[in-house]
Structure formats: C-alpha cells, structure tokens
Amino acid sequence: MKQIYLDYSATTPVKREVIDTMLPFFTEVYGNASSIHSFGQEAKTVLEQSRKSIAETINATPDTFYFTGGGSESDNWALKGVMRANRKKGNHLITSKIEHHGILHTCTALEKEGFEVTYLDVDAEGMISLEALEAAITDQTVLISIMFINNEIGTMQPVKAIGEIAHKHGVLFHTDAVQAYGNVKIDVNAMNIDLMSVSGHKIYGPKGIGGLYIKKGIRIQNIIEGGAQERNRRAGTENIPGIVGFAKAAVMADEALESHREKLIYLRDKLANGIMATIPYAKYNGHPTERHPGNVNICFEFIEGEALLLSLNAKGIAGSSGSACTSGSLDPSHVLLAIGLPHEIAHGSLRLSIGDFTTEEDVDYTIESLKEIVQKLRLMSPLYDKVLKEGK
Amino acid sequence: MLYTEKVMDHFMNPRNVGEIENADGVGEVGNVKCGDIMRIYIKVDGDQIVDVKFKTFGCGSAIAASSVATELIMGKTIDEALALTNKQVIDELGGLPPVKVHCSVLAEQALKAAIYDYATKNALTFKGLEGYDPDEDHHDHDVVDIEF
C-alpha cells in the first residue's frame, strides 16, 4: 500500500544530502572537538563552520548561536536561564496559552521556583493581542516568550511587533521558532529577537540536535553544567555528526526557501480547499493567511480524532490530532481550547502537515480518502443523527 | 500498533452499527465533552434479545468495544446480557491499553441502560438491575475494576 506521510510538523525525513554530509563524522572525523590532536581539531573546525553556516541563515554572528540537544532543551534554557539570571531585575515572564509544552511546562516549573507567569489569550485564529501583551508588562517583567509559528494550527505571530513592544519596555524577547525556521525567512536583528529556539529534525536534519540563538550581552544561566563546550555555556561533548547534518539541512532549507514555500502553500491550499469543499460540517482552524506554509488543521464535527487517524492510517495516510485520546489526557489540545473551540469540536481535529516530498497525487488521494472516512464515522455517530433527521 | 488485531478488526468492520426503529430499549452513556458517547438499541422477544444495534461517537476502542458488546449479547436472554462485564469485552478484544479500559466500561453501561429502559417501559424487574442507577455518572475514566 502507498504510504503518504502528512506529519512533517511532527518530524521530517532526513534528506539524502544531509546524511551523506554526516556519515564521515561517525567513522573518519570522529575526534572530540575539545581534543588538542588533529582528530579533535578537525572536528572543532567543522563545528565552527557549521555554527557559522547556521548563524548566517538568521543574520546572526556565529558567536551568538549555541548548539543544544533539541528544541525542548533550547526552550528550557532560554526561559530558566534568563529568569534565574535576572532575578534582581524582576520575576515576571509573559507567554501565551498556545505555546508548545517545551515552554508551558517550563513555565510551570518556574512558577514553582517563585516566578510569576502571565499566559496571554489568543483570538479565534490563534493570534495574541499586541495591546494585551503591552498591558501585561510590569516593572517586574524580564522576558516575553511567544512562539513564532504554532505547531498545531500553524498560526504565525507578529514577531517583529512583539519584539518592538518588548524592547520599548526594556524586556527581553524569546521566540520558539522550531516550526518557523526553514519555513519562513528569519532575521533576528530585523525582527527584534533576543533569543530563539530552533531544531534540526523539523527541517530534514537529524533528531537530537537543536540550537539557541542568544543575542550578545544577554544575562543567562547555564542549565547543563560540566565541561567548557559551547563557550562555557552548554556542557557535553559536541554531537558533531548531528551538528554537521543540522547545518547542511539549514543551508539547504535557506537556499531553497522561496521554492519550498511556494510548493507547500500551493499544496496546502489545494488540500484545505479540497477538504472544505467536499466535506460539510468542517472548520478550518488557524489564521487564513498568516500561517505555516504546510499546515492544514481542520475539525470535523460529530466524530473523534483518534478514530479518524486510525482510519487514515489504514489507508496509508499519516496525520495527527489534538483529540484527548491522542494526547493521552482527558482534554483535547490546549491550543484548540485556547482558540475557543468547544470540547466536542476539538475532539474531532485533524492536522495534516505537508513537506518537501508531498505530491499533488498525495493531496488528491487524501481528500478522497478523508471524504469516505469522515462519512463512515459520521454514520456511526449518535451525534450525527440530528443532522440526518433534521438537516440540522 | 496501539491496539490488538481484534480491536482494529472491530473498529474497521464494526458489527451491528445502526439503529432499530421502534426499539424496545435504548440506552445512551458518556458525554461529548470527554469525547465518547455510546448508544445501544435492543429488540426483545419474550426474554430474549433478538436484535441489537449501536451508534458510537468516540475513539477506535470505543467503537470496537461497542461492536464486541453487541456481538456478545445478540440472541442472549436479558439475564445473560445483564451478566456481561467490561472484563468480558476486554477479553473478547484481546486486551485494551489501560487508558482505554473506560471504553469497555462504557459498553457495559450502555447495554445496562438499554435494558433498564426496556424494563422501565414494561414495568419489569431484573435481578441484574438491582441497585442500578441510570443517573449515575458512567463516565469515570479512572474506572479500572478489572484485574490485569
């Protein structure tokens, strides 16, 4: 059976060119970058080249980019590191209700340490309000952390304007750009970003490697203590194959950004429009224009998301859902609830995320399959009775 | 895979889906907020369940549990049907993940609710319904009243 992967927001396959770049660093150039011998020095050289390559893609200097074990670590480091290092300035942090758990659970941990956190609401399309953001700033506010692009509904925040407000009030601005990096052009200077989390495996690079951009001069504590790697800020022997792969993926993504975006947006709109035109009682979630080029998120009334995913999987299609049954909790996703969806609608959510290897045939097949599946599940649903009998 | 082959079979090819017009008993449990609702219809002749159908809004295991429960009681007497436990539903499905056990409880309760409806309409009493409270919250996700 044909397999159609539409879960690129969860993770991406590693591109062949990326693997090929990584391979020598497992078996040939395997030295520890901290070692003085030539094995180590060779590793050190590619480490710094990789750092420079990635920094260039975001218009940063190499000495502001630090490698981490992934997006979650970067989020933890940015928030814990900045809040703990700036206690004298204040104890207040502002974020939003639709952040990734890498941010939200870090905020919970910081609250236990005595910090205060404001969680901004979002509107029905997932946008924060800049007025509410500015109003939430107090003389205790140290940091604002707002995600660039939401991982579930794809909404893109006005990052530059958020940074402007932060700086106007002498507050630092961090953004979790894990979904955005490689999908929109990011310039940390032009966009007023002080700290930014990115990840390798969302951009056709390897898993287990990420990074944190930290603007020069920012006070931040370490969260991983140990050796002097990453200029004394993040201990642990550098994951050279991962770093090289991340850098290759980042450069490839940057070079092809425009064509990548064009292709994704075309397929995304075809998929979303196709579904919305053929399946009634469906709601397209997220912002109509300010969104991830490959994100489609739709709620289907009267049915449940896990049943939808299992049925899609049986047809070879891989997607994801924000239903309670797939989140492992009793509530549907916090993002869907934050945009004001009632529980019963949020339970029927489906996220299909498109990537570089998605084809037009994949999109057509998915629309057709989905139509059948949704109808089959609805005919089984007691909630659909009313529609059948009364035409709602 | 999260589920056994048996669960997937009952999910993909559910038995006895639909409704019975002029059913003798209808039972509905669960709520939309939690993401699962089960409705079971029964047709009774004498003391025998001669037809049973279901409609379920819910995850894969909720649909599979409904399907299996209807299969287990088809043609059985009311007393036999009232003796059905969620454990039997789980066993018949070849097991359910612990977080999905409540789906089997829901199936047992939906059936009881349908028989209760039948009993009430016909002023009948059944031993298996003693102490049954139709307004009790059947939807306790933490119910794990089986031994693994």
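A note on names: the letters A, B, ... follow the listed sequences, proteins ahead of strands, and every chain is numbered from 1.
Note that CE of Met8(B) and CG of Asn313(A) are 7.0 Å apart. Values are rounded to the nearest 0.5 Å. Once rounded to the nearest 0.5 Å, the distance linking CD of Glu344(A) with SG of Cys34(B) reads 11.0 Å. With rounding to the nearest 0.5 angstrom, the CG atom of Leu377(A) is 11.0 Å from the OG1 atom of Thr56(B). Here the CG atom belonging to Leu310(A) is positioned 8.5 Å from the OG atom belonging to Ser61(B), to the nearest 0.5 angstrom. Once rounded to the nearest 0.5 Å, the distance linking NZ of Lys55(B) with CZ of Arg378(A) reads 13.0 Å.
In this structure, Phe57(B) and Phe302(A) approach most closely via the heavy-atom pair CD1-O, 3.1 Å. Contact record, Lys33(B) with His347(A): O-NE2, 2.6 Å, taken as the closest heavy-atom pair. Considering every non-hydrogen atom in both Ala307(A) and Gly58(B), the closest pair reads CB-O, 3.5 Å. Closest non-hydrogen pair, Cys59(B) versus Glu306(A), comes out as CB-OE1, 3.1 Å.
The contact between Ile63(B) and chain A is made entirely by side chain atoms (from C-beta outward), counting heavy-atom distances below 4.5 Å. Only the backbone of Leu379(A) comes within contact range of chain B, with heavy atoms under 4.5 Å apart.
Looking only at side-chain heavy atoms (C-beta outward), Ser311(A) and Phe11(B) come within less than 4.5 Å of each other.
In this structure a side-chain-to-backbone donor-acceptor pair under 3.5 Å is missing from His343(A) to Val32(B).
Shown here is Lys371(A), whose NZ atom has no more than 12 heavy atoms of other residues, nucleotides or ligands within 6.0 Å.
The pair Asp385(A)-Arg39(B) counts as a salt bridge, with a side-chain nitrogen and a carboxylate oxygen less than 4.0 angstrom apart.
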